Participant: 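Input: one structure, supplied below.
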Amino acid sequence: MPDQKNKNLLRLRWLERYDRQPQEIKDKLDSYENYDFQLRMIKRKKPTLSAGDVFLLSPREDIYFYGKVFKTNIKSISKNELIEGNHSVFIFKCKTNRLTMDDFAPDYDNLLIDPCIVTTSYWWRGFFYNVGNIPLTDFEKSLDYGFYNTGSDRFSTEEGERLNHQPRIMAGGGMTTITGVASEIEQELIINPALVDFKQR
């Protein structure tokens with residue numbers, strides 16, 4: 001069972017979800033780090049990223065989930081080296097088996113994983129692959145989301161500007177490592193294997 005220590009808000013949310021799972025799923029979650037959960041390489045690129053970029057990632061061969069870039073080249077108000085110059089992204093449950101935008105249908109009420117802050121290494125190494133750009137809509141620009149800092153027990157924007165409320169969409173603060181996205185997605189696929197079944201879209 002996951003460690004009960006360091007019960008921050010996000011950890012508590014995960015533990016509650018974990019406790020709702022059948023024992024078989026709990027056992028798999030307990031040992032998922034033994035799995036090969038690295039994302040598949042699609043194609044190495046060094047794009048100039050822009051807000052609204054739509055990209056693909058592949059946790060399984062020939063299965064791609066969509067993501068969208070929200071902010072690029074983040075300027076941290078505290079000059080946090082783990083945030084400065086990086087990019088915030090949303091990753092959705094909508095998927096495809098083609099390297100196109102044709103099946104892109106984002107649902108912000110049903111994300112694959114929490115929003116995260118990533119480096120350009122995801123693109124350079126070929127784990128994220130841009131397929132187009134759809135400028136952020138007014139709805140997207142007004143999304144109530146934020147990043148949780150466990151040390152200060154508060155929420156903030158990507159830049160570190162403090163939020164005076166708990167946002168509807170909340171994520172862990174700090175940069176997500178090069179294996180972090182793959183790790184979080186692997187847990188979701190363990191809980192719901194149908195996510196990679198095109199017969200159950």
Side-chain angles (χ1 to χ4, degrees), residues 10 13-14 17 29 32 37-43 45 47 49-72 74 86-123 125-148 155 157-158 167-201:
L10 296 177
R13 184 178 67 174
W14 168 252
R17 190 177 178 207
L29 289 170
Y32 87 98
F37 56 72
Q38 182 57 277
L39 296 174
R40 272 55 176 175
M41 188 180 74
I42 302 173
K43 190 174 183 180
K45 289 280 189 178
L49 298 176
S50 301
D53 282 348
V54 177
F55 61 89
L56 295 171
L57 57 89
S58 178
R60 297 287 187 273
E61 198 69 32
D62 298 323
I63 295 177
Y64 308 97
F65 287 92
Y66 286 98
K68 190 168 185 178
V69 177
F70 260 56
K71 291 189 179 180
T72 61
I74 297 168
N86 292 323
H87 323 284
S88 62
V89 300
F90 278 65
I91 297 173
F92 309 96
K93 288 183 178 177
C94 60
K95 58 184 180 286
T96 186
N97 53 13
R98 300 175 290 176
L99 296 179
T100 71
M101 288 180 56
D102 295 350
D103 300 311
F104 182 53
D107 181 353
Y108 289 93
D109 292 320
N110 197 22
L111 297 169
L112 180 59
I113 62 174
D114 293 333
C116 46
I117 295 172
V118 299
T119 70
T120 52
S121 295
Y122 275 96
W123 285 267
R125 297 191 184 189
F127 298 135
F128 288 0
Y129 178 73
N130 284 0
V131 289
N133 183 287
I134 300 176
L136 298 184
T137 64
D138 289 339
F139 169 78
E140 289 172 322
K141 291 176 182 178
S142 64
L143 272 179
D144 182 23
Y145 73 97
F147 297 86
Y148 180 65
F155 290 94
T157 64
E158 293 95 327
R168 183 173 66 84
I169 302 173
M170 57 182 185
M175 183 194 70
T176 304
T177 66
I178 198 67
T179 57
V181 169
S183 174
E184 292 184 34
I185 290 175
E186 186 63 35
Q187 292 180 83
E188 296 303 318
L189 300 186
I190 290 171
I191 293 172
N192 184 8
L195 286 169
V196 290
D197 186 350
F198 276 95
K199 294 179 182 179
Q200 302 184 43
R201 298 180 65 169

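These numbers come from the heavy atoms of this one structure, side chains and all, not from hydrogens, waters or symmetry mates. Along the sequence shown, residues carry numbers from 1. None of the values given here were measured: they were computed from a predicted structure.
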Participant: For A51 and L136, work out which heavy atoms get closest and say how close.
Facilitator: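 The pair with the smallest heavy-atom distance is CB-CD1, 4.3 Å.
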Participant: Out of curiosity, E184 CD to T179 OG1, how far, rounded to the nearest 0.5 Å?
Facilitator: 10.0 Å
Participant: Please tell me if the side chains of E188 and L195 come closer than 4.5 Å, counting only heavy atoms from C-beta onward.
Facilitator: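 Answer yes - side chains close enough.
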Participant: Can you measure from OG1 (T120) to NZ (K45) and round to the nearest 0.5 angstrom?
Facilitator: 15.5 Å
Participant: Out of curiosity, D197 CG to L189 CG, how far, rounded to the nearest 0.5 Å?
Facilitator: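 Interatomic distance, D197 CG to L189 CG, rounded to 0.5 Å: 12.0 Å.
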Participant: Would you mind reporting whether Y122 and L57 have side-chain heavy atoms less than 4.5 Å apart?
Facilitator: no
Participant: Could you walk me through whether L39 and R125 satisfy the side chain to side chain contact (heavy atoms under 4.5 Å, CB included) test, starting with their C-alpha distance in whole Å, then the side-chain angles of each, then the deciding distance to 0.1 Å, before giving a yes or no?
Facilitator: CA-CA 10 Å; L39 296 174; R125 297 191 184 189; over 6 Å; no
Participant: So do R40 and E61 actually touch side chain to side chain, heavy atoms under 4.5 Å?
Facilitator: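 The answer is yes; the side chains approach within 4.5 Å.
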Participant: Do F90 and L143 make a side-chain contact, defined as non-hydrogen atoms from C-beta onward lying under 4.5 Å apart?
Facilitator: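 With C-beta onward as the side chain, the pair touches.
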Participant: Which pair of non-hydrogen atoms, one from K95 and one from A194, has the smallest distance, and what is that distance?
Facilitator: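 For K95 and A194, the tightest heavy-atom pair comes out as NZ-O, 4.2 Å.
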Participant: Do Y66 and L56 make a side-chain contact, defined as non-hydrogen atoms from C-beta onward lying under 4.5 Å apart?
Facilitator: yes
Participant: Mind running side chain to side chain contact (heavy atoms under 4.5 Å, CB included) on T100 and V131 for me, showing each step along the way?
Facilitator: CA-CA 6 Å; T100 71; V131 289; 5.9 Å; no
Participant: Atom CG of D62 and atom CG of L99: how far apart are they, to the nearest 0.5 Å?
Facilitator: 9.0 Å
Participant: When L49 is tested against each of V89, N130, N133 for side-chain contact (heavy atoms from CB on, under 4.5 Å), which residue passes?
Facilitator: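 Single side-chain contact (heavy atoms from CB on, under 4.5 Å) partner of L49 among V89, N130, N133: N130.
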Participant: CD1 of I191 to CD of E186: how many Å apart, nearest 0.5 Å?
Facilitator: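 Those atoms lie 11.0 Å apart.
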Participant: Minimum heavy-atom separation for A171 and D114, please, with both atom names.
Facilitator: CB-CB, 3.7 Å
Participant: Any side-chain heavy-atom pair from Y64 and D103 closer than 4.5 angstrom?
Facilitator: no
Participant: Mind checking whether E158 and Y145 have side chains closer than 4.5 Å, heavy atoms only?
Facilitator: yes
Participant: About how many Å separate CZ of F128 and CG of D53, when rounded to the nearest 0.5 Å?
Facilitator: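 Going from the CG atom of D53 to the CZ atom of F128 covers 12.0 Å.
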Participant: Stepwise, does the side chain to side chain contact (heavy atoms under 4.5 Å, CB included) test hold for M170 with Y148?
Facilitator: CA-CA 7 Å; M170 57 182 185; Y148 180 65; 5.5 Å; no
Participant: Is any side-chain heavy atom of F55 less than 4.5 Å from a side-chain heavy atom of W123?
Facilitator: yes
Participant: Using every non-hydrogen atom in the two residues, find where H87 and T72 come nearest and quote the distance to one decimal.
Facilitator: ND1-CA, 3.3 Å
Participant: Check F147 against T157 and note the closest heavy-atom contact, atom names and distance.
Facilitator: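 Heavy atoms only, the tightest pair is CD1-C, 4.1 Å.
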Participant: State, to 0.1 Å, how close F104 and C94 come at their nearest heavy-atom pair, and which atoms those are.
Facilitator: CD1-SG, 4.2 Å
Participant: Taking I134's backbone N and O only, do any of them form a donor-acceptor pair with K68's side chain (distance below 3.5 Å, no angle check)?
Facilitator: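 Present.
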Participant: Applying ring pair (Phe, Tyr, Trp, His ring centres under 6.0 Å), name anything that partners F127, two or more places apart in sequence or on another chain.
Facilitator: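 Scan of F127 (ring pair (Phe, Tyr, Trp, His ring centres under 6.0 Å), adjacent residues dropped) gives none.
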Participant: Got a donor-acceptor contact below 3.5 angstrom from the S142 side chain to the D138 backbone?
Facilitator: yes
Participant: Enumerate donor-acceptor pairs with a distance under 3.5 Å from any side-chain N or O in residues 106-113 to protein atoms, sequence neighbours excluded.
Facilitator:
unit_1	atom_1	unit_2	atom_2	d
D107	OD1	D109	N	2.9
Y108	OH	E140	OE2	2.4
D109	OD1	R168	NH1	2.8
N110	OD1	K93	NZ	2.9

Participant: Kindly say whether C116 contributes a backbone atom to a donor-acceptor pair with the side chain of S88 at under 3.5 angstrom?
Facilitator: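 Such a contact is absent between S88 side chain and C116 backbone.
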